[in-house]
Amino acid sequence: MPVGEAAICGDCARQQPSWDRARSVLRYDRHSRRLVLMLKHADQTHLAGAFGRWMHRAGNDVLAGSDMLIPVPLHWTRLFGRRFNQAALLAKAIQRAGGPPLAADWLVRRRRTPSQGTLGPLARARNVRGAFALRRGRDVRGKRVVLIDDVLTTGATAEECARVLRRAGAEYVGVLVLARALRAGS
């Protein structure tokens with residue numbers, strides 16, 4: 001049964017996020033995890049093209065009318081070690097599939113944060129608090145931006161990035177991810 005345009009998830013009903021809409025292509029489970037990790041840690045960057053096309057198709061409502069795509073940034077030390085930002089690769093693929101322009105360097109990660117993998121929701125939120133900033137000279141006032149990332153787990157990273165964009169005057173913040181972790185029973 002269709003749930004309608006105004007339907008929101010339980011987490012968003014409990015505490016409204018700073019973003020307006022969020023979509024994912026996949027549920028983050030053992031199957032999709034393998035795909036995400038192939039892109040993120042196994043240098044299978046060629047997968048970003050297909051994933052970006054999937055994200056463009058699945059995120060059509062989030063992308064509609066948006067002015068730019070902003071990938072979640074990596075800290076420069078992590079970028080140096082990995083050699084690429086998977087969120088930026090996905091954003092570029094979405095843009096190539098017909099999405100809005102890519103604003104790859106508009107958000108910066110001001111400090112290196114420990115990996116979120118083993119942290120719970122509150123620790124994740126503390127971990128990324130104050131970690132992001134809008135790059136000096138960039139202006140999102142009145143803009144409709146879509147934040148791009150590979151996985152939405154607890155939403156802490158997306159929330160902190162969306163909060164930065166809202167404080168800077170973004171009119172709309174959408175979130176589009178390849179996979180979303182759901183709690184058991186969701």
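One distance of note links CG of L165 with CZ of F132; it measures 10.5 Å at 0.5 Å rounding. Going from atom CG of D149 over to atom CZ of R180 covers 13.5 Å, rounded to the nearest 0.5 Å. The NZ atom of K143 lies 10.5 Å from the CZ atom of R141; values are rounded to the nearest 0.5 Å. With rounding to the nearest 0.5 angstrom, the CG atom of L147 is 10.5 Å from the CD atom of E159.
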Would you be so kind as to tabulate the donor-acceptor pairs closer than 3.5 Å made by side chains of residues 90-99, with sequence neighbours excluded?
none

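The main-chain N or O of D67 is never found under 3.5 Å from a side-chain atom of Y172 such that the two would form a donor-acceptor pair. Side-chain atoms of R138 do not come within 3.5 Å of backbone N or O of W106 as any donor-acceptor pair. One N or O on the side chain of S32 and one on the backbone of R27 form a donor-acceptor pair closer than 3.5 Å. With hydrogens and angles disregarded, no donor-acceptor distance shorter than 3.5 Å links the side chain of R135 to the backbone of V108. In this structure, R109 contributes its side chain and A133 its backbone to no donor-acceptor pair below 3.5 Å. With R34 contributing its side chain and R30 its backbone, the two residues share no donor-acceptor pair below 3.5 Å.
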Exercise for review: With side chain to side chain contact (heavy atoms under 4.5 Å, CB included) as the test, would you mind laying out the steps for V25 and R57 before giving the verdict?
Suggested key: CA-CA 9 Å; V25 174; R57 195 168 35 249; over 6 Å; no

